[in-house]
Amino acid sequence: MKITKRSEYIIIASLYIITLFLGVYTFFDIAFIDKIRYALLVILPASISISIIFDNLKNLKLLLKNKIPLILYVLTIIWFFLTFIFGIKIGMNSLKGFIHYSVLLTLILVLFNCKIEKDTLKNIKKHLFISFALSIGFGIFQYLTKWNLNTYNNDKYPGIFGRINSTFFIATTFDKYIVLMFPLITYELLNDKDNWYYKVLLILSMLGITLTFSRSGQLIYLVMCFIFFIVTLFKKQFKNSILIVLIVICMILIPGAKYSVQSALDYAYETAHLPKVLRINLLQKMGTEIEQVKAGKCADDDCVGDVEGSNFFRKYYESVGKAFIKEYPVFGVGVGNATYLYENQNAKDYLKDASVISDEYPYMYPHNCYIQLTEETGIVGIVLLFSFVLSLAFTKLKRSINKLDFYVILLMLFGLALGCITEGLFYTKQVIYLFAIGYAICCNTCSIDEKKDKKVKK
């Protein structure tokens, strides 16, 4: 099974279209256009799989080559279909949910198993990075022109113009796209340490993640920077070590960024119960301005009145999801049916104990992918899905002798794992399909298997 020129061009076109044009509600809010965007977010990834399979009809047995990922793929699809059948409602939302996961998992499996020529892989990565640079460039333009910025948090982070979402839905999906691209960019930089192109991409990633002023994204980004820094020291790439230090310093120096970064650090400190003596405080002067920041008037889902309420609402949304997990632990409410519940605000109709539902505040998605996946597909469903994703990494790393393969794959999984804590990444189609393409080609083992076959023949 190999990628032909036609399939290669479909992948490249899909990268540009998904990254730059399919951010729902971005640029303009027209219902008809957004329906087309929703459809294309599934049609384009599906077209990649169909094209590759069509070109290899006589050689489909290669899909059977890696047994563990294949078995987990089949089991996951079957289980998600069962949740579709036995969920609380069979409707358009559940059907869309099942189709989405079928397309996503098939895309990953096909790209994982197909043969990707060296030049083809290089070309795909080139356009992946170009589309990334264009998206970041548009985000910077958006910030400098103050066009269509989210200004709800301006009082919270003094000095900012607003939060960018660039070509994505909102800032907190754009930031996850950036952190999931970071491993791919730094992997190429580690392989080609003096290539200015990847250094520019790294700088652009810093500007993009900073201008989102997204605490969770910035925190993940900083941890990834630290890991990259350690790796550059081991590889004695001291120029890159200095570069990443300068990037972090510049990130903090951008007006308003120190407040969002400190807020992210404070959340991490509290979660890890870190002693105060070990905590880094970027806000040394506790003047009136800082006190106002702590009070932070804001809107969106980040505040209740004048008091920061992000944690309040997140815990409320999560509590509703956990209530469904408790009452529907096996099949869940059915794949895609979280949308049905939150759009209709009818959770009380399906919960025996609805005491968790507030009459004052509407409930939304849990903002936690682990909770939402378990809520929809049960404990078995989430275990199968993540087992499938991890099986690709296990298969690749078991055969690879390149230490940098460990770096890029594990760092991508790390970013995905942390991102899923604060966002429903598997439901954010624009981000998860781009991740799927990057992750699957990183885990592809055909080149390794070919080298082994040649050695055996010799």
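Numbers here simply count residues along the sequence, with the first being 1. As a basis for the values below, the full set of heavy atoms in this structure was taken, side chains included, without hydrogen atoms, waters or symmetry mates.
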Shortest non-hydrogen separation from D194 to K199 and the atoms involved: CA-NZ, 4.1 Å
Under 3.5 Å donor-acceptor, Q262 side chain and A257 backbone: no
Side-chain donor or acceptor of T76 paired with backbone N/O of L72 under 3.5 Å: yes
Donor on one side chain, acceptor on other, N153 and R215, under 3.5 Å: no
Partner of Y177 under ring pair (Phe, Tyr, Trp, His ring centres under 6.0 Å), chosen from F132, F182, Y433, Y221: F132
Heavy-atom side-chain proximity of N56 to T4 below 4.5 angstrom: no
Residue pair P45 / I18, side-chain heavy-atom distance below 4.5 Å: yes
Between N368 and Q372: side-chain donor-acceptor atoms closer than 3.5 Å: no
Between Y427 and E376, a side-chain donor and acceptor under 3.5 Å: yes
Close side-chain approach of T151 and I160, heavy atoms under 4.5 Å: no
Contact check, side chains of V223 and F414, non-hydrogen atoms, under 4.5 Å: yes
Y143 side chain vs F161 backbone, donor-acceptor pair below 3.5 Å: yes
Residues R37, D34: salt bridge by 4.0 Å N-O rule: yes
From N402 atom CG to Y187 atom OH, the distance as rounded to the nearest 0.5 Å: 5.0 Å
Which atom of F21 lies closest to which atom of F27, heavy atoms considered: CA-CE1, 4.4 Å
Between OH on residue Y101 and CZ on residue F80, distance to nearest 0.5 Å: 5.5 Å
Atom of V261, atom of M251 and distance for their closest heavy-atom approach: CG2-CE, 4.1 Å
Side-chain donor/acceptor of Q237 to backbone N/O of L190, under 3.5 Å: yes
F394, CZ: over 12 other non-hydrogen atoms inside 6.0 angstrom: no
Check against side chain to side chain contact (heavy atoms under 4.5 Å, CB included), E8 and L121: CA-CA 9 Å; E8 178 185 343; L121 179 60; over 6 Å; no
Nearest non-hydrogen partners of I209 and V179, listed with the distance: CD1-CG1, 3.9 Å
Exercise: identify the closest heavy-atom pair between S241 and I244: O-CG2, 3.2 Å
CD-CZ distance between E318 and F313, expressed to the nearest 0.5 angstrom: 13.5 Å
N/O donor-acceptor pair under 3.5 Å between R314 side chain and T422 backbone: yes
Any side-chain donor near an acceptor of the partner, T232 and N240, under 3.5 Å: no
Any donor-acceptor N or O pair under 3.5 Å, side chains N195, E188: no
Donor-acceptor side-chain pairing of Q142 and N165 below 3.5 angstrom: yes
Verdict with supporting geometry, L219 and L418, side chain to side chain contact (heavy atoms under 4.5 Å, CB included): CA-CA 10 Å; L219 183 60; L418 288 187; over 6 Å; no
Stepwise side chain to side chain donor-acceptor pair (under 3.5 Å) test for S260 and Q218: CA-CA 8 Å; S260 59; Q218 289 178 346; 2.8 Å; yes
Pair I52-I48, side chain to side chain contact (heavy atoms under 4.5 Å, CB included): steps then yes or no: CA-CA 6 Å; I52 295 174; I48 295 173; 4.0 Å; yes
Y365 vs Y317, ring pair (Phe, Tyr, Trp, His ring centres under 6.0 Å): CA-CA, chis, key distance, verdict: CA-CA 6 Å; Y365 298 98; Y317 303 153; 9.3 Å; no
Passing candidate, ring pair (Phe, Tyr, Trp, His ring centres under 6.0 Å) with F168, options F138, F174, Y25: F174
Check: T106 side chain, V103 main-chain N or O, donor-acceptor pair, under 3.5 Å: no
Distance in Å, I247 CD1 paired with M206 CE, rounded so as to fall on 0.5 Å steps: 6.0 Å
T172 side chain to S214 side chain, donor-acceptor N/O pair below 3.5 angstrom: no
Spacing of CD1 belonging to I108 relative to CD1 belonging to I441, to within rounding of 0.5 Å: 12.5 Å
Backbone of M364 reached by a side-chain donor or acceptor of Y316 within 3.5 Å: no
T186-Y407 side chain donor-acceptor pair, cut-off 3.5 Å: yes
Side-chain donor/acceptor of N113 to backbone N/O of L109, under 3.5 Å: yes
Expected output: side-chain K396 to main-chain N444 donor-acceptor under 3.5 Å: yes
Over 12 non-hydrogen atoms of neighbours within 6.0 angstrom of CD1 in I68: no
Side-chain heavy-atom pair L392, F388 within 4.5 angstrom cut-off: yes
T120 side chain to I116 backbone, donor-acceptor under 3.5 Å: no
Considering all heavy atoms, the nearest T26-S166 contact: CG2-O, 4.2 Å
Side chain to side chain, Y198 and I203, heavy atoms closer than 4.5 Å: no
Working for side chain to side chain contact (heavy atoms under 4.5 Å, CB included), residues K322 and I371: CA-CA 7 Å; K322 289 176 181 177; I371 292 176; 3.8 Å; yes
From I50 atom CD1 to S7 atom OG, the distance as rounded to the nearest 0.5 Å: 11.0 Å
Check: I140 and L204 side chains under 4.5 Å, non-hydrogen atoms: yes
Side-chain donor-acceptor pair present, T212, D175, cut-off under 3.5 Å: no
F54 atom CZ, over 12 foreign heavy atoms within 6.0 Å: no
Within-4.5 Å side-chain heavy-atom neighbours: K2 and D55: no
